[in-house]
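Chain A is the first sequence line, chain B the second, and so forth, proteins listed ahead of strands; every chain is numbered from 1. For the numbers below, each heavy atom of this structure counts, side chains included, while hydrogens, waters and symmetry mates do not. A quick note: this is a predicted structure, and the numbers were derived from the prediction, not measured.
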Amino acid sequence: MEILSFVYFGGAILLSALMVVIFKNPLYSAMSLLSMFAHVAGLYVILEAEFLAGVQLLVYAGAILVLYIFVVMLLNVQTQGRVLQKQAPVVFGAAVVAAVEVAFLISRSHFYPELPPVPQPGVPPLGNTEMIGMVLYTKYLFPFEIASLVLLIALVGAIVMAKGKLKFR
Amino acid sequence: MLNDILAAVIVIAGLLFVVLTMVAYLTYLERKVLSFMQDRLGPMEVGPWGLLQPLADGIKLISKEDIIPQEANKAIFKIAPIISLVPAILSFAVIPFGRDSFHFEGITTHPYLTDINIGMIYILALSSIGAYGILLGGWASNSKYSIMGALRSAAQVISYELNAGMSIIGVLLLAGSLSLVKIENAQQGGFWHWYIFPQIIAFVIYLISGIAETNRTPFDLPEAESELVAGFFTEYSGMRFSLYYLAEYANMIVVSCVATVLFLGGWGSPLPILDFVPPVIWFMLKVYFFLFFFFWIRATLPRLRYDQLMKFGWKIMLPLSFANVIVTAFVVYMIRH
């Protein structure tokens with residue numbers, strides 16, 4: 001059952017990712033991206049990371065992609081003149097590097113099923129969300145703060161760029 | 001295994017039936033409430049007191065011709081209302097509407113479909129997916145009114161979703177869980193345990209954002225009939241038109257249910273003496289109070305201007321909800337330590 005759903009979600013992710021590139025109409029590309037986000041969330045659910053799945057839908061599908069669609073609709077992007085761009089060699093190079101990396105990782109990984117860690121008796125099992133909260137605010141506190149700082153800088157930068165030349169007094 | 005699946009199917013079917021009937025009769029209720037507030041009778045012709053009006057409306061809408069504009073993007077035009085309705089209905093899966101589980105011949109059914117521990121995030125995620133139905137429907141219609149309505153709606157939904165999400169965080173901090181069942185259980189034992197009192201600011205913000213997210217008056221700019229004909233569904237007719245309507249009303253019920261669960265203790269009775277009344281009745285009473293509130297607001301307030309709406313959302317509601325989160329987090333920490 002698990003393998004079956006993995007094959008479904010994995011296949012759907014590959015297919016919709018391909019469709020994002022293939023479709024000529026930018027709106028169709030965006031819709032394929034939506035399908036991909038949804039299926040990645042499904043993959044997270046199989047891995048018992050419900051929190052990540054929910055956030056994936058909320059942030060990527062709910063906020064970021066809506067902004068993409070906004071841009072597509074407002075700018076009325078041309079659907080005919082969308083031919084292969086000039087950065088094809090760069091993309092090809094990146095793809096080769098990524099493929100080599102994935103092949104290397106697969107060759108290094110174990111193919112026998114690993115046993116899940118035995119839960120300690122007496123300790124009530126924490127939910128996925130609580131676990132993430134615990135780890136995020138203890139072990140990974142510093143990277144977490146750095147990430148929020150980076151986001152803050154981006155936010156301030158966006159405001160500065162949008163406002164243009166402000167006259168400071 | 002088979003029994004569990006059977007139980008789940010029964011609960012799903014029952015839930016769907018109740019929700020869709022509620023949605024249908026909500027249109028009737030809205031017309032009646034508005035009529036009484038405007039000193040007239042409302043639907044009276046079909047059935048006693050017009051009670052069969054929703055049925056007649058349904059038959060009319062189904063038997064109408066399904067018109068698709070020639071210049072429309074046909075595939076997306078057809079899918080958009082469905083994308084709008086499905087997330088609205090899916091949200092009901094995590095809403096706990098009662099206390100007691102029901103046992104029958106080894107089959108156990110709960111008063112909720114599932115109790116996932118990310119219940120609140122699930123509802124927020126679905127409500128953000130619902131915006132696609134509006135956005136795509138407006139774009140695919142290939143009409144100026146529709147695209148204007150769709151853009152307004154999407155901007156509004158994104159802005160106010162943020163406020164709704166931020167206002168909920170205060171409740172989550174108090175309850176210490178994202179699961180709606182746990183949030184409900186944390187508020188039992190009388191109305192003084194309800195989160196509406198410590199979270200009164202969050203409650204007001206959530207209600208306003210809920211009205212804005214469902215595109216209701218006074219935030220109904222996406223379908224402002226005096227300037228945009230009918231907004232994003234101008235070009236829709238027949239059954240597809242009614243799907244958008246169903247989605248709007250289903251979303252209203254979802255917002256009411258979530259407000260009930262988060263702030264009014266869900267199925268809990270306000271006083272321990274009143275415990276003899278079944279929990280489901282309490283839940284329905286609270287939900288209908290919020291639904292009535294929706295209608296009341298619609299009959300009372302005029303529509304906002306667009307810049308007022310955006311300014312209000314970003315400059316007043318958002319800082320307020322941030323302040324609420326910070327104060328709540330501080331107080332909760334001080335109490336627990």
Member of B:Leu135, B:Val157, B:Ile129 meeting the side chain to side chain contact (heavy atoms under 4.5 Å, CB included) criterion with A:Val66: B:Leu135
Decide if atom [atom1] of [X] counts as having more than 12 heavy atoms of other residues, nucleotides or ligands within a radius under 6.0 Å.
{"X": "A:Leu4", "atom1": "CG", "result": "no"}
{"X": "A:Tyr28", "atom1": "OH", "result": "yes"}
{"X": "A:Leu151", "atom1": "CG", "result": "yes"}
{"X": "A:Tyr60", "atom1": "OH", "result": "no"}

Any B:Leu136 side-chain heavy atom under 4.5 Å of A:Met31 side chain: yes
B:Trp139 side chain near A:Ile69 side chain, heavy-atom distance below 4.5 Å: no
For chain B, the option from A:Val55, A:Leu65, A:Leu57 that forms the most heavy-atom pairs under 4.5 Å: A:Leu65
Name the atoms and distances for all side-chain donor-acceptor pairs under 3.5 Å in residues 309-335 of chain B, with sequence neighbours left out.
from, atom 1, to, atom 2, distance (Å)
B:Trp314, NE1, B:Ser159, OG, 3.2
B:Ser321, OG, B:Met317, O, 3.0
B:Ser321, OG, B:Leu318, O, 2.9
B:Asn324, ND2, B:Gln199, OE1, 3.1
B:Thr328, OG1, B:Gln199, NE2, 3.1
B:Thr328, OG1, B:Asn324, O, 2.6

Tabulate below the donor-acceptor pairs under 3.5 Å that side-chain atoms of residues 171-185 of chain B make, not counting sequence neighbours, or state none.
from, atom 1, to, atom 2, distance (Å)
B:Ser177, OG, B:Ser179, N, 3.0
B:Ser179, OG, B:Asp115, OD1, 2.7
B:Ser179, OG, B:Val181, N, 3.3
B:Ser179, OG, B:Lys182, N, 3.3
B:Glu184, OE1, B:Trp267, NE1, 2.9
B:Asn185, ND2, B:Val181, O, 3.3

Heavy-atom pair of closest approach, residues A:Gly62 and B:Ser128: CA-OG, 3.4 Å
Option in B:Ile76, B:Leu124, B:Ile118 with maximal non-hydrogen atom pairs under 4.5 Å from chain A: B:Ile118
Heavy-atom proximity to chain A below 4.5 Å, by part of B:Leu162: neither
Between CG on residue A:Leu58 and CD on residue B:Glu161, distance to nearest 0.5 Å: 6.5 Å
